[in-house]
Amino acid sequence: MLFDKPENTVSAKREEEILEFWEKENIFKKSVSNREGAKKFVFFEGPPTANGTPHPGHVLTKAMKDLIPRYKTMCGCQVNRKAGWDTHGLPVELEVEKQLGLENKQGIEKYGIEAFIKKCRESVFKYEAQWREMVTRGGFWIDMDDPYITCTNNYIETVWWMLSKFWEDDKLYEGHKVVPYCPRCGTALSSHEVAQGYKEVEDPSVYVRFTIKGQTNTYFLVWTTTPWTLISNVALAVGKDIEYVKVKLNEEYLILAKSRLEVLGGEGEVVENYTGKDLLGMEYEQLYPFVVPQKKAHYVIAGDFVSTEDGSGIVHIAPAFGEDDYRVGKENDLPVIQPVGLDGKFTAEVTPWADKFVKSADPEIIKDLKISGKLFKSAKIKHTYPFCWRCNSPLLYYARHSWFIRTTAFKDEIIKNNDKINWFPEHIKEGRFLNFLENMIDWAISRDRYWGTPLPIWVCKDCGHHHLVNSIANLKEMGENVSDDIELHRPYVDEIILKCPKCSGKMKRVPEVIDCWFDSGAMHTAQWHYPFENKENFDNLFPADWICEAVDQTRGWFYSLLVTGTFLHKTSPYKNVTVLGLICDKNGIKMSKSKGNVLDCMSLFHKYGADAVRWSLYSGTAPWNTRRFYEEAISDSQKRYLGTLQNVYSFFVLYANIENFNPFKHNIPVAERPEIDRWIISRFNHTVEEVRKALDKFEVVWATEKMEKFVDDLSNWYVRRSRRRFWTSEGNTDSLSAFLTLYEVLVGIAKLTAPFTPFIAEDIYRNLVCKIDSSAPESVHLCDYPVSDQSLIDVELEDRMDFISRVVVLGRAARNEANLKVRQPLSEMKVVVSDSFSRNALKNMEHLLQEELNIKSVSAVEDSSSLMRYVAKPNFRNIGKGPYKGLMPQIKSHLEGADGNEVRKHLESGEYVFEIDGKPVTLKSEDVELQALASDEYSVQSDGKMSIALVKTLSRELLLEGFARELVNKIQFMRKEQGFDIVDRIRVGYEVCDADKQVDIDEAVESFGESIKEDTLALKIGAIDSEMGESAEWNINGINVKLAIAKETK
RNA sequence: GGGCCAUUAGCUCAGGCGGUUAGAGCGCUGUGCUGAUAACGCAGAGGUCUGUGGUUCGAGUCCACAAUGGCCCA
């Protein structure tokens, strides 16, 4: 045996053997090192967090991130693939807190920061083994032995260096950020966490009088649901274009929005009208003067968020406790009054309520307002308010101290760089991403947490000088007793005291760590520990030619890369980016742990094979669309593509072994091979061209479509039609051509499919090539990607075959309609042809049609008027381009009314001329489409471009042959059913049940006995005898016949 | 509230330059093959291309508005 017999099914076992082979022979590493010195295709890996199990979404990402680098490698590029791990951040901390049963930051500090971050470090790689297993088993090639890891000293050192660049350029500053904050846990919550904790509650709803300066007895009427924030009030906001009124009510004057007059309960009298603009700048008296503002405060400003849906249309502004408040506060340079501690309690300055939790102070504040006469009205309101999902405390919006990167200072450059990126799909570029960039605010990069890259800023206790440490060397130089194995994490770096360069005082580090998005966004530089080492790597491998992640990275990684790249390297760190869509279940519901609809990838790999999972992710729909992912989709794609390919491959091996065919011993130039061989070779080269074109544009799904079509053509046309050529054992040229052709095409498709389905590709290649050619590369993944040979593409031949297969489709349809099964031979098919191309094609490929349709003769007829009736229609495409463009409707109705057969005759002899509104119109045959309608004598089919007619009449001869073919069919079935071996000889007994039909069957056996015997390996056909097995009654084209068979011992 | 995407056969999806019979796979019905066989082939039925307007000789495709669903941002 020259070739190994392939497994019948795509087995997981085969894939696992291939994995072992890759591992043992280091094929991945070789695929990279082989291309040393070649043009580089730069790929950046977006680092996943390994503190959870991999999800189908990750498999999709990995699959795409594997395909393109494999393709580019085979195209001759060197594609380094350094893996990465994102290791810092709140999710990791939360996981550990849960594991340790800790409930808040106090708990962590009690537990000990050092012990805590040790646990974090362990937890980060808790699922690494599972990730490795998924990545390896999926055939996703990436260098996991030398990954970049965001929590290593090297990585952190580069991040510090990058931060220093921002610092030196005054792009890193201190400020405040209003965050949803849980005072009990002492932590800010992410928007996702906040969304989990909304509840409907009853809160106070109070209207308060703010005394206007310089006007007696006149007040702004202000509404709030958080009375405790009134102490921090610094301004009132109105809508610029909203109408306001002054109302005289009893002895006082109140100002509020005109459309909110209902607040006054229908009382009072409007004495003056304003628009918001008129009120701007008006000053009022501070409500609670516990804290004296350091800047100008307590006047009216404009706010675009002011609405008149509730309240009074005048909004109280406390920048310390509201996002909008903070923003307008900054815009108007208002002070921030924040007499509330991180524990949510008032500080000592607020004498009456010091050390009281702010929300609990509300009733007392209301009481106090009432006593002082500031309260206009007080009630309760039901609304939704966020609570901590962990401890159920009401969240406070709280301005926390934070560090920012001044991204808005180079926003224009960022947007300019975005313009140079190729986005796939394109709409993200000008849509979602640009929208995000245009609404950019400064990037709050600090986090009041433990497990993260420490913000390397030290502050002098004495003179307040700030210093940003930009390297370990710098740390050692300025710090006291920095040990050589210092770990750049809390609490170790917290303990380091620097000597102040200004006053020699002691400097301590600020407590914050940084946002882990900065970590991952720094990878283009930090993965190399640049500039401390690997300068060359950085120079050669920046920027990336291509990156690819899911759509949720638009404001994540895609953004952080672009920001850091633009600032540091003045360019986008990536040139092309493919954005992947969401993974949903069969019902279009997003796959998520909480919904319990996540498919387990490893079991899918085991059940269907990684190739099948991969193909199902590449095909079907474009990668950026939302993708429904479910088992049937995988088994479908397995059957549709891999199963078909596997079948052809097994077929080849089966017969190549029987014939002992060795492709290296024969050489038949393609030009000398039969047409059908040249056809499939042409189709192959065409497919190569299209697949390359698609992949060069990252249009993955187009490539899969072309490949599926090709494999279908190969199996269901080429092999089907050529089957008999593989059965001969005589080694004639025709048979050898077939073997050579199928061999070459199979090896070609193995290479073509290698980046997509690397396992089956390797299997085919190793068996068909390495088995007999020791000089060939040991793996398909070390080969070059097929290049389409233009000289082997024969468009005319492909068109001709296309024409023939259309004739076949029509022929089969005609048979179906006339209820004539293919087993029943027919005498004649007429094909109506009007041009020399079809006439040639028909003549040329007559035998294909005869075999495929079981028809004795195929003839071309020029004139079909006796067969069918024609209806003429304009060829819109042609006419629309010509001078009669404007007359289309008239032409259409004329042609519909005309005698189609007449029109056809005219066209055949040149042109068809008629008049519309007295003007002549001349049409050529390409301007008109003719459609045929059926007639009775024939079974006629037409597809608009051509027509065929099957002669339905059966001669005695055809009828008998039909019986014979039917008998063969039943006998073969019985052979199989009774478990005979393929080579067993038999004798056949028959008995006709309908006496008057006896003669028909007898005659059929007489005339076609030899061919029946040949096909069924029968030695004799006669009456049923007693030694034969159980007889069975069959319907042989309407005649009931009993059949029995017995083994002949020779 | 803002941005973007989607809506095509019972289901999952193609439809690249606007051209008149809108395609594929699955499912369904019928049927074939039995020397690739626990497969597979073929045929048929099945569509007001979400709706309404518009541009055009011609719209699934371009434009406007609307509806429904999704993602993101507030």
Side-chain angles (χ1 to χ4, degrees), chain A residues 6 8-9 191 305 307 323-324 425 427-436 438-439 550-552 554-555 581-582 584 586-590 616 619-622 624-630 632-633 635-637 639-641 643-644 646-655 658 693-694 697 699 701-702 704-705 708-709 712 715-717 719-720 723-724 726-727 808-817 819 821-823 852 854 873-881 884-892 929 931 941-945 968-970 972-973 975-977 982-983 1015 1017:
Chain A
N8 257 341
T9 53
S191 57
F305 48 86
S307 88
E323 223 174 319
D324 284 330
H427 63 78
I428 303 263
K429 176 181 186 161
E430 307 282 340
R432 183 179 290 216
F433 199 57
L434 185 63
N435 180 245
F436 182 70
E438 277 172 343
N439 294 323
V551 66
D552 55 344
T554 0
R555 64 203 187 90
L582 225 66
C584 293
K586 192 173 182 176
N587 304 313
I589 315 272
K590 185 178 170 177
S616 78
S619 60
T621 192
W624 41 82
N625 290 338
T626 306
R627 178 183 295 272
R628 300 189 183 198
F629 188 64
Y630 47 98
E632 296 93 301
S635 63
D636 270 6
S637 79
K639 279 183 206 157
R640 194 170 60 243
Y641 180 66
T644 314
Q646 176 73 26
N647 262 344
V648 175
Y649 166 49
S650 313
F651 174 87
F652 172 80
V653 171
L654 180 66
Y655 289 102
I658 291 174
K693 225 187 265 171
K697 288 193 278 185
E699 288 282 4
V701 71
W702 291 1
T704 63
E705 276 166 23
E708 286 185 1
K709 179 75 181 89
D712 186 59
S715 171
N716 290 322
W717 190 250
V719 171
R720 228 159 86 86
R723 209 181 266 168
R724 287 183 178 276
F726 294 92
W727 292 350
V808 167
V809 167
L810 291 177
R812 280 199 278 247
R815 270 185 172 278
N816 251 23
E817 194 182 79
N819 204 12
K821 58 175 88 167
V822 180
R823 242 192 332 258
E852 188 64 25
N854 194 16
K873 276 186 148 187
N875 180 339
F876 292 91
R877 185 167 212 147
N878 265 356
I879 297 175
K881 283 177 193 152
Y884 304 124
K885 193 171 138 180
L887 295 171
M888 196 71 83
Q890 292 96 313
I891 294 177
K892 186 182 176 200
E929 281 187 5
Q931 192 178 352
Q941 288 289 318
S942 173
D943 69 357
K945 292 186 184 96
V968 168
N969 173 245
K970 301 311 173 203
Q972 296 285 40
F973 184 84
R975 281 185 63 114
K976 191 179 171 193
E977 199 180 43
I982 250 173
V983 293
D1015 285 352
L1017 297 185

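Just so it is clear: chains get the letters A, B, ... in the order the sequence lines come, proteins before strands, and each one is counted from 1. These values consider heavy atoms only, across backbone and side chains, with no hydrogens, waters or symmetry-generated copies.
Within the structure, a side-chain polar atom (N or O) of A:K821 is placed less than 4.0 Å from OP1 or OP2 of B:G32. In this structure, A:R628 reaches the B:U12 phosphate: one of its side-chain N or O atoms is under 4.0 Å from OP1 or OP2. The phosphate of B:A14 has OP1 or OP2 within less than 4.0 Å of a side-chain N or O from A:T621. Taking only side-chain nitrogens and oxygens, A:N969 never comes nearer than 4.0 Å to OP1 or OP2 of B:G32. For B:U12, the OP1/OP2 oxygens have no side-chain nitrogen or oxygen of A:Y630 closer than 4.0 Å.
A:N439 has its CG atom 12 Å from the C1' atom of B:G1, to the nearest Å. One can place CG of A:N587 at 16 Å from P of B:G69, the figure rounded to the nearest angstrom. The distance between atom CG of A:N716 and atom P of B:A24, rounded to the nearest whole Å, is 14 Å. Rounded to whole angstrom, the span from the CG atom of A:N878 across to the P atom of B:C57 amounts to 18 Å. If you measure from atom OH of A:Y884 to atom C1' of B:G58, you get 19 Å, rounded to the nearest angstrom.
Separation of atoms OH (A:Y649) and CD (A:Q646) is listed at 7.0 Å; rounding is to 0.5 Å.
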Where do A:F651 and A:V719 land on the side-chain contact (heavy atoms from CB on, under 4.5 Å) test, with the steps shown first?
CA-CA 9 Å; A:F651 174 87; A:V719 171; 3.7 Å; yes

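Counting only Watson-Crick or G-U wobble pairs whose defining distances are both under 3.5 Å, the stems of 3 or more consecutive pairs in RNA chain B are B:1-7 with B:67-73, B:10-13 with B:23-26, B:28-32 with B:40-44, B:50-54 with B:62-66.
The base of B:C5 has none of its N or O atoms less than 3.5 Å from a complementary donor or acceptor on the side chain of A:R432.
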Summarise protein proximity over nucleotides 25-30 of chain B in one line of letters, 5' to 3': B for base, S for sugar-phosphate only, - for none, counting protein heavy atoms closer than 4.0 Å.
SS---B

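The residue A:S715 sits close to a base: some heavy atom pair falls under 4.0 Å. Looking at heavy-atom distances under 4.0 Å, A:V808 makes no contact with the nucleic acid at all. Within the 4.0 angstrom heavy-atom criterion, base atoms lie near A:R723. Across all strands, A:V719 comes closer than 4.0 Å to base atoms (heavy-atom distances).
Other residues, nucleotides and ligands contribute only 12 or fewer heavy atoms inside 6.0 Å of the CD atom of A:E323. Other residues, nucleotides and ligands contribute over 12 non-hydrogen atoms within 6.0 Å of the NZ atom of A:K429.
Residues passing the side chain to side chain donor-acceptor pair (under 3.5 Å) test with A:K586 are A:E632, sequence neighbours excluded.
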